[in-house]
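Proteins get letters first, then strands, A, B, ... in listed order; numbering begins at 1 in each. Values below: every heavy atom of this structure, side chains too, minus hydrogens, waters and symmetry copies. Worth saying up front: this structure is predicted, and the values here are computed from it rather than measured.
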Amino acid sequence: MPEGWPATEAEARAVQDELRARVILDEPGPPPGTGRVTGVDVAYDDDRDVVVAAAVVLDAATLEVVAEATAVGRICFPYVPGLLAFREVPAVLAALGALPCPPGVVVCDGYGLAHPRRFGLASHLGVLTGLPTIGVAKNPFTFTYADPAAPRGSSAALLAGSEEVGRALRTRDGVKPVFVSVGHRVTLDNACAHTLALTPRYRLPETTRRADALCRRALREATARQEPTSR
DNA sequence: GCGACAG
DNA sequence: ATCTTGTCGC
């Protein structure tokens, strides 16, 4: 359990309300296809109280893996809608810290600005690290959107009432869109461009696919010696 | 008051 | 997130 980590939901919401002021929204961020892009994801074993985070660094031009790292820890916050960051951030920080090179733009599995208090996981991670971050989620959470046109690349506003908090972006022809929002130091247009650059083949970005596979594998391995294989 | 609700 | 086999389709 990290120093000063909130113990209650009310404390956690107060932390969000305070850190939100530090989000930078007026920087365009690195152009897609250049430098590096890093995916982060987390897997859990609630019964054993184990959490594993993975960070996978890709060359943005080729999408080849150039580095990866994992971190194992204890679960330090329950899943509460709107407070996901408090469950995921400590392990993700550890995984990012274990990388041998700078991560470039960090792609999170979840939301940034598209959040009840406009401070989702990607915003939180961005503020704590200073890195440019974006959020790419698989579900619209509580937000609304008009279905984008069928071709890949089409998009529609992701709305909280009349406020655009992100974009529903079609990454594959005729397939359910992903939900992109800004984290820190990246523009929404640029975040969508990055997302398209990371989806040459599948609905989800290569970064999150790679990070997801790695943290699941690391969780299996971290968990393997504690309970013998049943048969 | 009740249900919904990123991962 | 996680529990879980096969199956339909490109």
Scan A:G82 against the nucleic acid and name what it touches under 4.0 Å (heavy atoms): base, sugar-phosphate only, or nothing.
-> base
Please report, rounded to the nearest Å, how far the C1' atom of C:dT2 is from the OH atom of A:Y44.
-> 12 Å
May I have the distance from A:D47 (atom CG) to C:dC3 (atom C1'), rounded to whole angstrom?
-> 11 Å
A:R36 atom CZ, over 12 foreign heavy atoms within 6.0 Å | no
Separation of B:dA6 P from A:Y111 OH (nearest whole Å) | 8 Å
Tell me: CG of A:D45 to P of C:dT2, nearest whole Å?
-> 9 Å
Which whole-number value in Å describes the distance from A:D46 CG to C:dC3 P?
-> 10 Å
Look at A:R216 together with A:D212 and state whether they make a salt bridge at an N to O cut-off of under 4.0 Å.
-> yes
Nearest-Å distance for atom pair CZ/P, residues A:F86 and B:dC5 | 22 Å
Selected nucleotide, minimal atom distance to A:T142 side chain, candidates B:dA6, B:dG7, B:dC5 = B:dC5
Heavy atoms under 4.0 Å, any strand shown: does A:L83 hit a base, just sugar-phosphate, or nothing?
-> base
Considering just the side-chain nitrogens and oxygens of A:R216, establish if one lies under 4.0 Å of OP1 or OP2 belonging to C:dT2.
-> yes
Answer yes or no: is there a side-chain heavy-atom contact under 4.5 Å between A:R152 and A:T199?
-> yes
For A:R48 and C:dA1, what is the distance between atoms CZ and P respectively, to the nearest whole Å?
-> 18 Å
Quick one: do A:D41 and A:R210 make a salt bridge, cutoff under 4.0 Å?
-> no
Tell me what A:A43 touches on the nucleic acid: a base, only sugar-phosphate, or nothing, going by heavy atoms under 4.0 Å.
-> sugar-phosphate
Under-4.0 Å side-chain N/O to phosphate OP1/OP2 contact, A:Y79 with B:dA6 = yes
How about A:Y145 and A:F179: are their ring centroids closer than 6.0 Å?
-> yes
Would you say A:N139 reaches B:dG7's phosphate, i.e. side-chain N/O to OP1/OP2 under 4.0 Å?
-> yes
Round to a whole Å and report the spacing from OH of A:Y202 to P of C:dC10.
-> 16 Å
Using a cut-off of strictly less than 4.0 Å, decide whether A:K138 has a side-chain nitrogen or oxygen near OP1 or OP2 of B:dG7.
-> yes
